[in-house]
Amino acid sequence: MTPQRSLANYAVIIEDSKIAGLCPASQLPEDLKVIDASELTLAPGYIDIHNHGSVGVRAEEGPEAVHRISEFLPTVGVTSWLPTVRTEAGVKGIVTAKAQGLAGADVAGIHMEGPYLAPKNLPGDEEEPLTVELDQLDRFMEAGEGLLRLVGVAPELPNALAGIRHLADNGVVVAAAHTKISYDEFMAAVDAGLRHVTHTYNVMSRLHHRSPNMVGGALVTDEVTGELISDGYHVHPVAMEILLRCKGVDKVALISDSVTYVGMPDGEYDGLVKKDGILRRKGFDASTDHTMAGSVWPLDYNVANMVRSTSATLQDAVTMATLTPARIVGVAHRKGSIAPGKDADLILLNGDMKPVFTVVGGRIVYHDGSVQVLD
């Protein structure tokens with residue numbers, strides 16, 4: 001299955017790290033190593049453009065953490081990702097890890113969610129808004145060595161519109177992130193070059209029928225793409241459906257927004273409690289506090305839940321986790337679909353939409369033992 005169409009009884013030919021071609025399975029050349037994918041669905045590897053960490057570490061912590069996350073991600077079908085950080089040191093750590101070579105998922109770029117975000121100002125956690133500094137943005141881009149692809153900014157911060165223009169002029173995709181702006185402020189940011197929305201619905205000003213605000217702008221502005229945490233906890237399935245109907249599969253990227261505790265059992269971690277798929281502050285009152293402290297579901301779960309909870313087909317959901325994010329961050333020329341010349345980043349899904357076999361750059365990096373490799 002490709003994002004554009006589904007093919008039955010076809011084979012994908014891999015040479016070195018690239019896809020060399022597709023052909024009917026009955027016409028495969030002889031003397032090839034064959035992976036028997038009968039009864040399974042072959043899809044492009046997932047691309048997670050918003051991922052802070054997993055298995056006990058954050059990408060922000062440096063090269064060793066990036067390597068560890070990279071090795072975990074193929075087990076949940078992710079073959080490429082944008083480590084998500086908020087500091088210059090975090091950016092440099094990702095650049096170092098990529099230069100060292102990654103054993104698992106490829107780093108397709110860097111996503112900075114911050115530091116220029118509107119303060120949440122939760123009880124006991126008062127913050128002053130930051131002023132966007134163009135010199136600091138230049139340092140971020142220089143530290144990224146061409147890998148900085150996506151930056152989230154709250155457009156209401158002082159000098160934010162100038163920062164948005166500056167990033168966009170330098171080829172960086174700018175997203176509205178952690179923001180309380182009005183609809184008019186959102187449109188001013190779009191005019192300045194903003195083209196993406198960080199985790200649509202979450203941590204932003206809400207839609208009201210007399211004040212469309214940030215969510216209203218995200219839903220109706222064609223120039224803008226949007227992320228969606230489709231785990232069913234961060235966004236109600238009806239809201240997921242509304243976003244899908246307003247934007248379409250080509251403008252919605254499924255993300256994990258995963259944090260440190262993905263891939264770890266329920267329990268208490270650093271003053272946070274992970275329980276039943278939700279991460280909250282310890283001691284929260286569920287009757288009055290609905291704030292979550294991060295996402296703890298990997299991207300494969302979110303893809304499957306999109307199919308279970310909305311009108312999206314499996315092909316739609318795969319597109320939103322592959323070709324759409326690839327286009328958003330500018331790597332669709334080599335990733336996001338099954339086509340000759342593209343990176344051989346592939347996954348096999350079982351009937352429950354669970355990845356059982358993952359190939360990154362032509363290398364088998366994960367399998368659960370259910371797939372037979374024939375000589």
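Here the structure is a predicted model, which means the values were calculated and not measured.
Contact annotation: the side chain of Phe357 approaches that of Ile35 to within less than 4.5 Å [non-hydrogen atoms, C-beta and beyond]. You'll find the side chain of Val78 stays beyond 4.5 Å of the side chain of Ile47, heavy atoms only. Under the 4.5 Å side-chain criterion, counting only non-hydrogen atoms from C-beta, Pro155 is in contact with Leu194. Annotation: side chain of Leu134 is not in contact with side chain of Arg139 (no heavy-atom distance under 4.5 Å). Leu82 places none of its side-chain heavy atoms less than 4.5 Å from the side chain of Ile110. Within the 4.5 Å cutoff, side-chain heavy atoms of Ile338 are placed close to those of Ile19. Considering only heavy atoms from C-beta on, Asn302 stays 4.5 Å or farther from Asn305 through its side chain. Two residues are said to be in side-chain contact when any heavy atoms from C-beta on lie closer than 4.5 Å; Pro83 and His111 fail this criterion.
Sorted by first then second residue, the ring pair (Phe, Tyr, Trp, His ring centres under 6.0 Å) pairs that include residues 158-192, not counting sequence neighbours, are His178-His199.
The aromatic rings of Phe140 and Tyr116 are tilted relative to each other, their planes meeting at an angle between 30° and 60°.
Using a distance-only test at 3.5 Å, with no hydrogens or angles considered, no donor-acceptor pair links the side chain of Lys354 to the main chain of Asp300. Thr221 places no side-chain N or O within donor-acceptor distance of the main-chain N or O of Ala218, the cut-off being under 3.5 Å. For the pair Asn350 (side chain) and Asp352 (backbone), a donor-acceptor distance under 3.5 Å is present. Counting only distance, with no hydrogens or angles, the side chain of Glu60 and the backbone of Arg86 share a donor-acceptor pair below 3.5 Å. No donor-acceptor distance shorter than 3.5 angstrom exists from the side chain of Asp231 to the backbone of Trp297, with no hydrogens or angles considered. Between the side chain of Gln27 and the backbone N or O of Pro24 there is no donor-acceptor pair closer than 3.5 Å. A distance-only check finds no donor-acceptor pair linking the side chain of Glu145 to the backbone of Val95 [under 3.5 Å].
The number of heavy-atom neighbours closer than 6.0 Å to NZ of Lys92, taken from other residues, nucleotides and ligands shown, is 12 or below. More than 12 heavy atoms of other residues, nucleotides or ligands lie within 6.0 Å of CZ in Arg363, so this atom counts as buried by the packing criterion. More than 12 heavy atoms of other residues, nucleotides or ligands lie within 6.0 Å of NE2 in His67, so this atom counts as buried by the packing criterion. Crowding of Glu142 atom CD: a count of heavy atoms from other residues, nucleotides or ligands under 6.0 Å not exceeding 12. Surrounding CZ of Arg308 are more than 12 heavy atoms belonging to other residues, nucleotides or ligands, all under 6.0 Å away. No more than 12 heavy atoms of other residues, nucleotides or ligands sit less than 6.0 Å from atom CG of Asp16.
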Without placing hydrogens or testing angles, list every side-chain donor-acceptor pair under 3.5 Å for residues 271-278, not counting sequence neighbours.
from	atom 1	to	atom 2	distance (Å)
Lys274	NZ	Tyr261	O	2.9
Lys274	NZ	Met264	O	2.4

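Residues Ser205 and Lys180 have side chains that never bring a donor and an acceptor to within less than 3.5 angstrom of each other. A donor and an acceptor atom, one from each side chain of Asp48 and Asn51, are located under 3.5 Å apart. When only modelled atom types and interatomic distance are considered, Thr198 and Glu113 share no side-chain donor-acceptor pair under 3.5 Å. There is no side-chain donor-acceptor pair under 3.5 Å between Asp316 and Thr319. With no hydrogens or angles considered, a side-chain donor-acceptor pair links His50 and Asp257 at under 3.5 Å. At a cut-off of 3.5 Å, with distance as the only test, a side-chain donor of Ser370 or Asp368 sits close to an acceptor on the other residue.
Separation of atoms CE (Met320) and OG1 (Thr225) is listed at 13.5 Å; rounding is to 0.5 Å. Here the OG-CG distance, from Ser26 to Asn9, works out to 8.0 Å after rounding to the nearest 0.5 Å. Distance check: Thr324 OG1 to Glu227 CD gives 12.5 Å after rounding to the nearest 0.5 Å. Atoms CG and CG, from Asp343 and Asp106 in turn, are 7.0 Å apart once rounded to the nearest 0.5 Å. To the nearest 0.5 Å, atoms CG (Leu73) and OG1 (Thr75) are separated by 7.5 Å. Rounding to the nearest 0.5 angstrom, the gap separating the CG atom in Asp345 from the OG atom in Ser337 is 10.5 Å.
The shortest heavy-atom contact between Gly21 and Pro340 is CA-CG, 4.1 Å. Pairing each heavy atom of Ser54 with each of Ile69, the nearest pair is OG-CG2, 3.5 Å. Looking at every heavy atom in both residues, Ser256 comes nearest to Ile229 through O-CG2, 4.1 Å. Annotation for His52 and Val259: closest pair CB-CA, 4.4 Å, computed over non-hydrogen atoms. The nearest pair of heavy atoms linking Leu349 to Leu314 is CD1-CD1, 4.5 Å. Nearest heavy-atom pair, Pro74 versus Val365, reported as atom, atom and distance to 0.1 Å: CB-CG2, 3.6 Å.
Ion pair Arg68/Glu64 not flagged as a salt bridge, since none of the NZ, NE, NH1 or NH2 atoms sits closer than 4.0 Å to an Asp/Glu carboxylate oxygen. By the 4.0 Å N-to-carboxylate-O rule, Asp222 lies too far from Lys247 to be salt-bridged with it.
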Derivation of the side-chain hydrogen bond (donor to acceptor under 3.5 Å, both in side chains) call for Asp184 and Ser182: CA-CA 5 Å; Asp184 289 339; Ser182 68; 5.3 Å; no
Full working for side chain to side chain contact (heavy atoms under 4.5 Å, CB included) between Asp138 and Met141: CA-CA 5 Å; Asp138 284 335; Met141 288 186 282; 3.4 Å; yes
So Val307 and Thr313, side chain to side chain contact (heavy atoms under 4.5 Å, CB included) or not? Walk me through it. CA-CA 6 Å; Val307 178; Thr313 64; over 6 Å; no
Pair Leu40, Val371 - check side chain to side chain contact (heavy atoms under 4.5 Å, CB included), show working. CA-CA 9 Å; Leu40 299 171; Val371 178; 3.8 Å; yes
For Val235 and Ser230: C-alpha separation, side-chain torsions, deciding distance, then whether side chain to side chain contact (heavy atoms under 4.5 Å, CB included) applies. CA-CA 7 Å; Val235 180; Ser230 54; over 6 Å; no
side-chain hydrogen bond (donor to acceptor under 3.5 Å, both in side chains) between Ser80 and Lys335: does it pass, once the steps are laid out? CA-CA 9 Å; Ser80 298; Lys335 294 182 182 292; 3.2 Å; yes
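In the hydrophobic cluster analysis, where Ile, Leu, Val, Met, Phe, Trp and Tyr join through side-chain heavy atoms closer than 4.5 angstrom, Val174 is grouped apart from Ile328. When hydrophobic clusters are built by joining Ile, Leu, Val, Met, Phe, Trp and Tyr residues whose side-chain heavy atoms come closer than 4.5 Å, directly or via intermediates, Leu150 is not grouped with Leu228. Two different hydrophobic clusters hold Met292 and Leu117 under the rule that ILVMFWY side chains link at heavy-atom gaps under 4.5 Å.
Qualifying side-chain contact (heavy atoms from CB on, under 4.5 Å) partners for Ser211, counting only residues two or more places apart in sequence or in other chains: His208, Asn213.
Shown are Thr322, Thr358, Val359; of these, the side-chain contact (heavy atoms from CB on, under 4.5 Å) with Thr79 is made only by Thr358.
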